[in-house]
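Here is the naming used below: chain letters follow the sequence lines, and residue numbers restart at 1 for every chain.
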Amino acid sequence: MINALRGMKDIAFEEADKFIYTIETATQIAKRYGYQYIETPLLEETKLFKRSVGESSDIVGKEMYQFIDKGQNDVCLRPEGTAGVVRAYVQAKLDRRPRKDKFYYYGAMFRYEKPQKGRLREFHQFGCESFGEASVYEDFNIILMIRDIFDALGIGYTLKINSLGCSECMPPYRQNLIAFLTPKEALLCEDCSRRIATNPIRVLDCKNNQCQTLLHDAPKLTQNLCPTCQSDFQTLQKLLDSSSIAYEVDTHLVRGLDYYNKSAFEFVSSQIGSQSAIAGGGRYDRLVEFLDGKSVPAVGFALGIERILDLVTLPTSKREGIYLGSMLTQEGIMETLFALASRKRQQTKVEIEYEPKSLKSHLKGADKINARYCAVIGEDEWSQGEIWIKDLETKEEYRAKIEEW
RNA sequence: GUGACCGUAGCUCAGUCGGUAGAGCUCUGGUUUGUGGCACCAGUUGUCGCGGGUUCGAGCCCCGUCGGUCACCCCA
């Protein structure tokens with residue numbers, strides 16, 4: 001028997017219904033916010049992710065499905081969605097004209113990690129990217145949209161926000177932090193002493209207790225923001241307050257992808273195990289430039305579909321469609337059933353049982369597939385050119401001419 | 001990459017002190033010669049993950065291996 005690869009899952013039956021329902025719900029809401037669909041390749045040049053997600057990130061450092069293809073290209077299965085969308089945006093030269101562009105996407109992402117609850121090697125994200133709008137109102141608008149999606153799906157969450165500063169205030173802060181950390185390097189954990197050089201900001205959210213103790217007097221990012229970032233961050237909080245979206249400021253919310261700046265946020269669920277982030281995103285005003293475009297501000301998010309699947313409550317499914325069967329083996333009866341099915345399928349779902357069997361068995365079968373109508377041809381009906389129909393919901397039964405039903 | 005736990009029927013699991021495997025669910029049929037869901041009755045189903053070892057004898061004990069799950073790390 002051949003099994004699916006480690007960390008890769010088949011999605012079927014009720015899970016599949018939830019999967020589709022989640023995407024449809026999110027799509028509908030994204031469209032209402034003015035987003036258009038974009039589909040980008042699952043396979044991209046490796047350097048796209050090195051330059052966007054960042055070499056210091058775990059994703060690029062150790063989790064990529066990377067290989068050399070038959071044309072000697074260094075390629076990767078995408079580990080996240082934003083990089084590809086930005087690449088497409090720049091490739092289509094949309095950065096050359098002053099317009100806002102808003103895209104939504106969904107699909108498979110790949111990270112070579114050790115699987116656990118809520119963490120798969122192939123998983124699916126729904127995401128949105130908004131280009132060309134620098135206003136913090138757009139950050140707020142995106143958070144509102146995610147709120148709408150989770151509300152529509154009936155999912156509870158807590159929202160965490162932070163500001164990562166901009167190219168003006170982040171570099172000096174970063175230098176301050178390095179200056180603060182360097183004397184303590186020997187006392188920090190192995191990862192953190194390495195991070196001082198590669199990505200000192202990440203030291204802030206280290207889970208190591210000793211590191212956290214040492215960080216107690218570290219300069220705080222939120223207290224070193226430039227006036228613009230400071231006022232934008234406050235505006236965002238005011239907007240959230242006035243729309244009664246509960247949130248907490250989490251100064252340790254740093255995010256593992258290097259391209260974020262200014263607003264960063266994460267939606268967290270307490271009901272799904274330790275991998276609790278169900279959606280995350282923020283602003284990435286420099287990324288278009290990193291990928292050879294003009295300077296275009298942007299903000300976006302992604303939500304993990306598998307992570308919320310258990311939390312999605314499907315609208316209660318009603319009986320639907322027709323079950324067709326016969327109790328006879330007579331010549332021509334299957335042809336009649338197929339013709340009837342084709343006609344009825346213009347309107348609704350139709351399934352045919354090929355095996356002649358007792359009425360009781362047919363009713364059981366119709367009940368099992370949750371059909372609204374059970375329609376069966378027996379001896380008496382066949383001789384009259386009729387079919388017997390029972391509405392399984394109202395329990396009404398009647399007979400009709402086959403051609404007229 | 002590190003650690004813990006678990007692999008027995010299609011699914012969920014039980015299996016005592018080591019003595020050649022069992023329940024519920026599902027499925028099929030019947031109780032009703034043409035009336036669903038509920039109930040009752042009957043029937044079908046096994047490489048006990050794999051390999052080796054100990055033993056008269058291993059689902060059970062030991063070693064190895066593969067797979068799964070969860071957690072750390074990281075992230076959606």
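- For the P atoms, the distance linking B/G64 with B/U2 amounts to 16 Å, nearest Å.
- Phosphate contact (OP1/OP2 of B/G68, side-chain N/O of A/Arg6, threshold under 4.0 Å): present.
- For A/Asp232 and A/Thr235, the side-chain atoms include no donor-acceptor pair closer than 3.5 Å.
- Remark: B/G3 base-pairs with B/C70. Criterion, Watson-Crick or G-U wobble with two distances under 3.5 Å.
- A salt bridge between A/Glu386 and A/Arg399 is present, with a side-chain N of the basic residue lying under 4.0 Å from a carboxylate O of the acidic one.
- With B/U35, B/C70, B/G37 as the choices, the nucleotide that has an atom nearest any side-chain atom of A/Lys114 turns out to be B/C70.
- Base pairing analysis places B/C38 opposite nothing; no Watson-Crick or G-U wobble pair with both distances below 3.5 Å involves it.
- The residues A/Lys100 and A/Glu133 are annotated as salt-bridged, a charged nitrogen and a carboxylate oxygen being separated by less than 4.0 angstrom.
- Nearest-nucleotide mapping onto RNA chain B: of A/Pro115 and A/Arg121, the residue sitting toward the 5' end is A/Pro115.
- Under 4.0 angstrom from either OP1 or OP2 of B/U69 there lies at least one side-chain N or O belonging to A/Lys9.
- For A/Arg111 against B/A76, a side-chain-to-base donor-acceptor contact under 3.5 Å is present.
- Between the side chain of A/Gln275 and the base of B/C74, a donor-acceptor pair under 3.5 Å is found.
- Results of the side-chain contact (heavy atoms from CB on, under 4.5 Å) test with A/Ile161 over A/Leu240, A/Ile245, A/Asp250, A/Leu253 single out A/Leu240 as the only residue that passes.
- For B/G57, there is no paired nucleotide, since no Watson-Crick or G-U wobble pair has both relevant distances below 3.5 Å.
- Between A/Asp74 and A/Lys50 there is no salt bridge, since none of the side-chain N atoms of the basic residue sits less than 4.0 Å from a carboxylate O of the acidic one.
- A distance of about 15 Å separates the C1' atoms of B/A23 and B/G46, rounded to the whole Å.
- For B/C73, the base has a donor-acceptor partner in the side chain of A/Arg119 [N/O atoms by modelled type, under 3.5 angstrom].
- Between A/Lys360 and B/U32 there is no side-chain N or O to OP1 or OP2 distance below 4.0 Å.
- Of the listed nucleotides (B/C74, B/G37, B/G29), B/G29 has the atom at the smallest distance from the side chain of A/Ser361.
- Phosphate proximity of B/C72 to A/Ser274: present, with a side-chain N or O under 4.0 Å from OP1 or OP2.
- Using atom C1' as the reference point in both B/U12 and B/C73, the two lie 33 Å apart (nearest Å).
- Here B/U20 sits opposite no nucleotide as a Watson-Crick or G-U wobble pair (both hydrogen-bonding atom distances under 3.5 Å).
- Side chains of A/Glu320 and A/Thr348: no donor on one and acceptor on the other come within 3.5 Å.
- Here the nucleotide nearest the side chain of A/Ala279, chosen from B/G37, B/G29, B/A76, is B/A76.
- The nearest heavy atom of RNA chain B to A/Gln125 and to A/Leu359 marks one nucleotide each, and the one closer to the 5' end goes with A/Leu359.
- Side-chain nitrogen and oxygen atoms of A/Gln116 include at least one within less than 4.0 Å of the OP1 or OP2 phosphate oxygen of B/A71.
- In this structure, B/U32 makes no Watson-Crick or G-U wobble pair, since no nucleotide meets both defining distances under 3.5 angstrom.
- For A/Lys364 and B/C38, the shortest distance from a side-chain N or O to OP1 or OP2 is not below 4.0 Å.
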